[in-house]
Protein chains: 2
Amino acid sequence: MSLRHGLLGLIAARPTTGYDLAKSFEASLANVWAAQLSQIYPELGRLHEQGLIRVLGTGPRQKKTYEITDEGLAEVRRWVLDVEPDRAHRNGAMLRTFFLWLVDPAEAEAYLRREAAIHRGNLERFEEMAGREPATPSAPLPVEWAVRYCRELAEWSEWAADRVRDESRAARA
Amino acid sequence: MSLRHGLLGLIAARPTTGYDLAKSFEASLANVWAAQLSQIYPELGRLHEQGLIRVLGTGPRQKKTYEITDEGLAEVRRWVLDVEPDRAHRNGAMLRTFFLWLVDPAEAEAYLRREAAIHRGNLERFEEMAGREPATPSAPLPVEWAVRYCRELAEWSEWAADRVRDESRAARA
DNA sequence: TAAAGCATGTAATCCGTTACATGATTTA
DNA sequence: TAAATCATGTAACGGATTACATGCTTTA
């Protein structure tokens, strides 16, 4: 249950609303964990019920600001240190490359070049983010990861495109 | 629906059974897309119903061997080239690093060193796999990605551990 | 005053995991 | 003959996405 702890960790940094939490996920966590509002609200309800967060106050437009409780803080800490991280990862784009041999090499190469361009673009966005003021002392860690990840994807895509091109040339010769 | 196309792509390489497909996922696709037998069997049933695969024959222990149909092959090709890849990725371990500032720096550093060791181990496994004979012409592409990904994770973990250590030293001084 | 954005939620559906259930064949 | 492995499936549950539903407040 990563969403649960992600929310708790963000609320630990400072009191917020569900709506703002969604924006935080969008802005800084999108590359590691996506979350929709429709999933956030019920989860906040559960965290509240369980006493891990409390309502600090209600603003205009029935906006509810939550803050973390001592129990909530203890729970994030427990999660960070005592729960074995889930290292499994899915990558639909990479799954696809297993099957590139099924299509025309020229099309496969074009596909990989397009992907490389997209990853170069993402890399720029994260490099820019790395230059900005971090929200918490540990925020630079995952941002640096995002930079390295995008760069590796871009470089791999170019390597793969070259390889597909060279192999199809060799096959024709 | 990546599982669907992953199965189709594997069956396109050569006729197989559900059981063997699960082993293929375990062996070579585990790092990009995990799949359980209980998910594979119903999906094979659907692919069969839709005429994308057909039963080649039945062996001992009511083992069913499927092969791809022309429609099935057309469908994988369409997926590879015409369907926008899902580049979203979740990474529970990386989400956690957003919240490392909530725990003691010495514990945070120890956590990152443990992670680094795990990624070094995975790196070795994939380097070994990269040395073996590929199952299809495009199989080396995702294997090379796995090697790069694990290496980057290991290096990042060590970088992050050093950073946490240095920052907590600076704070004490 | 209309549009954009803020704000919260429910319902239906889908995908994936875990647990359950069964039985055949090979190997030690 | 017992254990391991092969082999196929169903059922229950949980997490996540998409679609739906509602209404307030600010800004152009």
Side-chain angles (χ1 to χ4, degrees), chain A residues 1-8 10-11 15-27 29-50 53 55-66 79 83-92 95, chain B residues 1-8 10-11 15-27 29-50 53 55-66 79 83-92 95:
Chain A
M1 266 184 292
S2 292
L3 171 66
R4 176 186 171 77
H5 293 103
L7 291 171
L8 226 38
L10 288 175
I11 298 170
T16 16
T17 66
Y19 192 84
D20 286 332
L21 284 163
K23 282 196 293 180
S24 294
F25 267 90
E26 179 77 27
L29 301 179
N31 53 316
V32 294
W33 206 270
Q36 311 299 317
L37 270 168
S38 61
Q39 202 190 353
I40 289 172
Y41 287 121
E43 194 62 53
L44 285 174
R46 262 168 254 138
L47 289 168
H48 185 224
E49 256 176 49
Q50 291 161 21
I53 57 177
V55 178
L56 222 192
T58 308
R61 281 180 273 200
Q62 54 260 48
K63 169 214 267 237
K64 272 184 270 179
T65 303
Y66 292 100
W79 171 68
V83 178
E84 188 71 3
D86 175 16
R87 294 180 206 86
H89 48 276
R90 292 187 132 80
N91 189 333
L95 175 64
Chain B
M1 265 185 293
S2 293
L3 172 65
R4 177 186 170 79
H5 294 102
L7 291 171
L8 226 37
L10 288 175
I11 298 170
T16 16
T17 65
Y19 192 83
D20 286 332
L21 284 164
K23 282 196 294 179
S24 295
F25 267 90
E26 178 76 27
L29 301 179
N31 53 315
V32 293
W33 206 269
Q36 310 299 317
L37 271 168
S38 60
Q39 202 190 352
I40 289 172
Y41 287 123
E43 193 62 53
L44 285 174
R46 262 168 255 139
L47 289 168
H48 185 225
E49 255 176 50
Q50 291 161 20
I53 57 176
V55 178
L56 223 192
T58 309
R61 281 180 272 199
Q62 54 261 46
K63 169 213 270 235
K64 272 185 271 179
T65 303
Y66 291 101
W79 171 66
V83 177
E84 188 72 1
D86 174 18
R87 294 180 204 86
H89 48 278
R90 292 187 132 78
N91 188 334
L95 176 63

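If you're wondering where the values come from, they're calculated on a predicted model, not measured in any experiment. Worth knowing before you read on, the calculation uses all heavy atoms, side chains too, and leaves out hydrogens, waters and symmetry mates. Note on naming: letters A, B, ... go to the chains in the order of the sequence lines (proteins, then strands), and numbering restarts at 1 for each one.
Here the closest non-hydrogen pair linking Leu37(B) and Gly18(B) is CD2-O, 3.8 Å. Among all heavy-atom pairs drawn from Gly92(B) and Ser2(A), the shortest one is CA-OG, 4.3 Å.
The salt bridge (Lys or Arg N to Asp or Glu O under 4.0 Å) check on Lys23(A) picks up Asp20(A), with sequence neighbours excluded. Annotation: side chain to side chain donor-acceptor pair (under 3.5 Å) contacts of Gln50(B) (sequence neighbours excluded): Arg4(B). Applying the side chain to side chain donor-acceptor pair (under 3.5 Å) test to His89(A) and every residue at least two apart in sequence or in another chain returns nothing. Under the side-chain contact (heavy atoms from CB on, under 4.5 Å) criterion, Pro42(B) pairs with Arg46(B), not counting sequence neighbours. Every residue meeting the side-chain contact (heavy atoms from CB on, under 4.5 Å) condition with Thr58(A), not counting sequence neighbours, appears here in chain and number order: Val55(A), Lys64(A). Here Glu84(A) pairs with Arg87(A) under the salt bridge (Lys or Arg N to Asp or Glu O under 4.0 Å) rule; sequence neighbours left out. Qualifying ring pair (Phe, Tyr, Trp, His ring centres under 6.0 Å) partners for Trp33(B), counting only residues two or more places apart in sequence or in other chains: none. Residues passing the side chain to side chain donor-acceptor pair (under 3.5 Å) test with Gln39(A), sequence neighbours excluded: none.
Between the CG atom of Asp20(A) and the P atom of dC6(C) there is a distance of 9 Å, given to the nearest Å.
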Practice problem: List the steps and the verdict of side-chain contact (heavy atoms from CB on, under 4.5 Å) for Tyr19(B) and Ile40(B). | Solution: CA-CA 9 Å; Tyr19(B) 192 83; Ile40(B) 289 172; over 6 Å; no
Exercise. Summarise protein proximity over nucleotides 10-19 of chain C in one line of letters, 5' to 3': B for base, S for sugar-phosphate only, - for none, counting protein heavy atoms closer than 4.0 Å.
Key: B----SSBBB
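Bounding nucleotides for the chain A contact on DNA chain D, 5' to 3', at a heavy-atom distance below 4.0 Å, are dG15(D) to dT25(D).
Between its two ends, the helix from dT1(C)-dA28(D) to dA28(C)-dT1(D) turns its axis by 30°, counting five pairs per end and rounding to 10 degrees.
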Taking N or O atoms only and anything under 3.5 Å, show me the protein contacts with nucleotides 2-5 of chain C, one pair per line.
residue	atom	partner	partner atom	Å
dG5(C)	N2	Arg61(A)	NH1	2.7

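Residues Thr16(B) and Leu10(B) fail the side-chain proximity criterion, which asks for heavy atoms closer than 4.5 Å. In this structure, Leu21(A) and Leu44(A) have side chains that are in contact, with non-hydrogen atoms separated by less than 4.5 Å.
Judged by closest nucleotide on DNA chain D, Tyr66(B) is the one of Tyr66(B) and Pro60(A) placed further toward the 5' end.
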